[in-house]
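Input: a single structure, listed below in structure tokens.
Letters A, B, ... mirror the listed sequences (proteins, then strands); counts begin at 1.
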Amino acid sequence: MKSAYSKILGILIVTSIMSTWSATNVFAYIYDGYRWRGTSVSYHVNSAFASSFITAIQAADTTWDGAGSRFRFNYAGTTSRNPNVWASNYASGGSGGNDTYSDIGYYNNGATLVYAEGKKWQSGGYLVEVDTTLNTYYGFTTVGTAGYFDVQNIITHELGHWLHLVDLTSPGYPSFCGTAAESTVCSGTYAGETRKRSLETDDKNGIKAIYGT
Amino acid sequence: MKITDNHLVAIVFIGFLTFAFIYGNSLTPQISPTATTTPSQTPQLIGSDEIIAAPDIQVYSQGSIAIVEGTVKTIQSHNSDTNSAYNDATITIQKVLKGDPAMSTVNVMIPKQASLVQSVEENSILNLGEKVLLFLGIDSQGNYVIAGSYAGKCLINADGNVTGQAAFSMPLTDLEAKILAALN
């Protein structure tokens with residue numbers, strides 16, 4: 001009898017440990033429920049961007065394309081459109097909002113400590129447009145200029161939002177924001193940061209969960 | 001009651017089901033309720049995401065235009081435009097840590113609640129009566145905004161502690177000292 005109780009106790013302990021481990025092993029991504037209808041999105045980049053910036057943007061796109069999911073970002077060239085997601089009329093369809101085009105643009109939005117922002121549109125339950133605007137109050141670079149923000153780093157983060165992955169802010173497990181192991185969709189950055197150029201396992205799990213492999 | 005091997009098998013089976021259930025749920029991404037509502041065919045703006053200054057007292061202290069402590073007294077549509085996606089919150093200032101020391105009030109432009117879809121953005125809202133320490137930026141239109149969208153808002157609690165981004169959560173007196181040290 002004593003032996004049976006010992007076995008039960010052992011089983012309960014093992015089960016408890018496994019359950020506790022699995023309950024805390026939640027992937028560090030949050031998907032906000034909307035997705036693109038297909039498995040790709042075409043985007044344009046404002047033509048005023050330097051070619052090195054466009055190359056950096058495409059590198060960010062390629063990083064997500066290589067995450068192991070079926071989803072692809074397709075660079076469709078430059079455009080004269082320049083979305084300003086901070087404009088007071090963006091939400092009502094002005095300044096590049098609700099024009100069916102997904103674009104990357106720029107605007108000097110002042111000293112807000114917000115370096116870039118994306119805004120998303122849905123129709124019928126699917127994403128139909130996302131625009132991202134870089135805040136050129138701050139300096140951006142592709143060559144590591146001191147005090148400037150790395151374009152590829154910023155855009156890799158922002159393209160995570162194009163997938164509708166949500167900003168993470170938790171400094172500890174499981175997203176590790178603020179550490180070397182942080183997810184690319186962690187919302188904080190600093191001048192010179194490049195670690196968001198590459199994806200962490202959680203970022204890849206996010207895109208694969210939404211679009212499949 | 002006598003414990004038989006059948007009981008043990010049953011316990012193992014129940015334990016396995018419990019494990020499988022919890023583990024299965026852990027693999028499911030968190031999805032907001034918006035995905036289950038009847039979708040609109042008219043394109044609808046569903047939210048925004050920013051990349052902001054990482055929460056660091058020195059960065060926010062030096063990068064902010066003003067840092068104030070005060071209480072939210074009024075909230076109204078930005079520039080009295082009810083169609084605006086923004087509100088203006090008027091803060092009665094009790095202390096200025098950075099900026100014009102003569103400031104007694106400041107209007108801070110904040111998103112309207114209805115325009116928010118993500119929990120992380122909730123902190124970009126100011127609510128009537130809240131006592132706050134705010135790191136403030138200023139946009140190109142001259143509007144004061146919360147620096148770092150939501151990160152620059154810190155609630156001052158009755159117990160004398162401040163809660164906000166983790167790096168800013170500490171006794172108010174400690175945060176004030178760190179801010180002043182960062183500015184010197």
Side-chain angles (χ1 to χ4, degrees), chain A residues 1 4-5 7-8 11-12 14-15 18-19 22-23 25-27 29-34 85-86 88 91-92 97-98 107-126 128-129 137 154 157-158 161 166-171 178 187-190 206 209-210, chain B residues 2-3 7-8 11-12 15-16 18-19 22-23 25-27 29-36 39-56 59-60 63-65 78 83-86 115 117-118 120 135 137-141 145 147-149 151-152 165-167:
Chain A
M1 191 64 179
Y5 279 123
K7 287 179 183 176
I8 292 171
I11 290 167
L12 289 175
V14 170
T15 304
M18 292 171 74
S19 299
S22 62
N25 192 35
V26 178
F27 288 137
Y29 64 84
I30 302 173
Y31 164 50
D32 226 358
Y34 292 103
V85 300
W86 296 296
S88 58
S92 56
N98 196 20
Y107 181 73
N108 179 345
N109 196 44
T112 60
L113 294 184
V114 175
Y115 307 123
E117 183 165 333
K119 288 197 171 174
K120 296 165 283 193
W121 297 79
Q122 71 87 20
S123 176
Y126 291 96
V128 293
E129 177 185 344
Y137 176 86
I154 296 286
H157 170 92
E158 285 301 312
H161 297 319
V166 175
D167 273 326
L168 299 173
T169 58
S170 171
S187 62
T189 189
Y190 52 86
I210 301 168
Chain B
K2 185 178 180 181
I3 305 296
H7 287 116
L8 295 177
I11 291 169
V12 169
F16 174 77
T18 304
F19 169 75
I22 297 174
Y23 184 66
N25 280 344
S26 76
L27 296 179
Q30 182 179 334
I31 299 177
S32 80
T34 53
T36 59
S40 165
Q41 297 301 319
T42 303
Q44 175 190 22
L45 190 61
I46 52 170
S48 60
D49 297 279
E50 310 87 359
I51 186 161
I52 62 175
D56 177 287
V59 170
Y60 274 76
S64 295
I65 298 299
H78 179 56
N83 293 320
S84 174
Y86 299 96
S115 66
V117 295
Q118 295 167 21
V120 71
F135 295 89
I138 193 163
D139 72 11
S140 58
Q141 308 302 310
V145 296
S149 183
Q165 286 284 293

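- The two atoms that bring Ala147(B) and Leu113(A) nearest to each other are CB-CD1, 3.8 Å, heavy atoms only.
- Separation of atoms CD (Glu117(A)) and OG (Ser149(B)) is listed at 6.5 Å; rounding is to 0.5 Å.
- Closest approach of Leu45(B) to Trp121(A), counting heavy atoms only: N-CE3, 3.4 Å.
- The CG atom of Asp56(B) sits 11.0 Å away from atom OH of Tyr190(A), with the distance rounded to the nearest 0.5 Å.
- For Asn109(A), the parts sitting under 4.5 Å from any heavy atom of chain B are the backbone and the side chain alike.
- Tyr86(B) touches chain A through its side chain: at least one heavy atom from C-beta onward sits under 4.5 Å away, while N, CA, C and O do not.
- Residue Asp49(B) holds its CG atom at 6.5 Å from NE2 of His157(A), rounded to the nearest 0.5 Å.
- The only option from Ile51(B), Ile52(B), Val145(B) that meets the side-chain contact (heavy atoms from CB on, under 4.5 Å) definition with Val114(A) turns out to be Ile52(B).
- For the atom pair Glu158(A) CD and Glu50(B) CD, the distance stands at 8.0 Å (nearest 0.5 Å).
- Residue with the most contacts toward chain A among Ala167(B), Ser84(B), Gly148(B), Ser64(B): Gly148(B) (heavy-atom pairs, distance under 4.5 Å).
- If you check the side chains of Ser140(B) and Tyr107(A), you find a donor sitting under 3.5 Å from an acceptor.
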